[in-house]
Amino acid sequence: MAVISLSGKRREGLGKGDARKARRDGRIPGILYGHGEKPVPVSVGARDFQLALHTHKGGNPIVNLAVGDGQFTALIRDAQYDPVTHEILHLDFQHISLTETIEVRVPVHLTGLAVGVKDGGGILETILRDLEVRCLPTAIPAGIDVDVSALNIGDSIHVRDLSIPEVTILSDPDATVVTVVPPTVMEEKPAEAVEGAEPVAGEPEVITKGKKDEEGAAEAEDKGKDKEKEKEKEKEKEKGKK
């Protein structure tokens, strides 16, 4: 990994007011720490920083930070961004030695198309997006390439399956990095199992019952009319006898 040259200035204080002043002047406030030394508040030009890191690939950039009369080899350990403008608000520079190993997190890059996805309709799930490693600063990889082409449905790649030259992986060896799972099948519930649905099977009964009630009422009405007619006939017969 190449070391990036960067020029900085020492800041007067550690407060928020001093940091805001640096940003108004077009600079990014930061802190330089490590190697058992007292933390030093610094700032770098925002434009200079963008130009210096423009060609850098991956994370964990290493810079040769010039501050006053001193030259410091430092790892950019952290960068804070504005959530709206995405401008860099603060930088953490960790003073390191190029001859001493350090521990960093490196992103995982998946390559290829899993056979279980291409032929079986499976779903590729990424479990770990970065891994913790230990190596010399100049050996930090930009990313860890993981080829998933041979993965079928149910297959996985674990941390123990990966090997990187000059790098010791510190993440749990048994941890799953990526896997291919079966496609999700949505089962349709029957209408009566759906919450809030009206029962369909009972509707004909209600209708049939209503029809029977109507028919019974009509039949009773007809019988009542027949009885009235019979009574009228009997009255007429009695009048005839008289």
Please report the interatomic distance [atom1]([X]) to [atom2]([Y]), rounded to the nearest 0.5 Å.
| X | Y | atom1 | atom2 | value |
| --- | --- | --- | --- | --- |
| L89 | D82 | CG | CG | 5.0 Å |
| R77 | N60 | CZ | CG | 7.0 Å |
| I169 | C135 | CD1 | SG | 10.5 Å |
| I144 | S171 | CD1 | OG | 7.5 Å |

Between [Y] and [X], is there a side-chain heavy-atom distance shorter than 4.5 Å?
| X | Y | answer |
| --- | --- | --- |
| V115 | L151 | no |
| H35 | E100 | yes |
| H158 | P173 | no |
| R134 | I102 | no |
| V180 | I123 | no |
| V133 | L170 | no |

Is there a path from [X] to [Y] through hydrophobic residues (I, L, V, M, F, W, Y) whose side chains come within less than 4.5 Å of each other?
| X | Y | answer |
| --- | --- | --- |
| I127 | I157 | no |
| L131 | L136 | no |
| I153 | V117 | yes |

ring-ring contact (aromatic ring centres under 6.0 Å, His included) against H90, all qualifying residues, sequence neighbours excluded: none
L110: side chain to side chain contact (heavy atoms under 4.5 Å, CB included) partners, not counting sequence neighbours: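 L110 satisfies side chain to side chain contact (heavy atoms under 4.5 Å, CB included) with V108, L124, T126, V146, V148, V178 only.
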Partners meeting side chain to side chain contact (heavy atoms under 4.5 Å, CB included) with A175 (sequence neighbours left out): L128, V159, D172
From CA spacing to verdict: side chain to side chain contact (heavy atoms under 4.5 Å, CB included), Q94, Y33: CA-CA 5 Å; Q94 181 184 356; Y33 66 93; 4.0 Å; yes
Tell me if the [atom1] atom of [X] is crowded by more than 12 foreign heavy atoms within 6.0 Å.
| X | atom1 | answer |
| --- | --- | --- |
| R160 | CZ | yes |
| Q71 | CD | yes |
| R105 | CZ | yes |

Determine the minimum heavy-atom distance between [X] and [Y], stating which atoms define it.
| X | Y | value |
| --- | --- | --- |
| P107 | D130 | CA-CB, 3.9 Å |
| V167 | P141 | CG2-CD, 4.1 Å |
| G121 | P183 | O-CB, 3.3 Å |
| S97 | P137 | O-CG, 3.4 Å |
| G143 | V106 | CA-CG1, 3.6 Å |

Inter- and intrachain pairs under salt bridge (charged side-chain N to carboxylate O under 4.0 Å, His left out), touching residues 135-159, at least two apart: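 Matches after skipping sequence neighbours: none remain.
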Selection residues 3-17 - residue pairs positive for salt bridge (charged side-chain N to carboxylate O under 4.0 Å, His left out), sequence neighbours left out: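 Qualifying pairs: R11-D18.
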ILVMFWY clustering at 4.5 Å (side-chain atoms), partners of Y81: I4, L6, I28, L32, V40, V42, V44, F49, L53, V63, L65, V67, F72, I76, I88, L91, F93
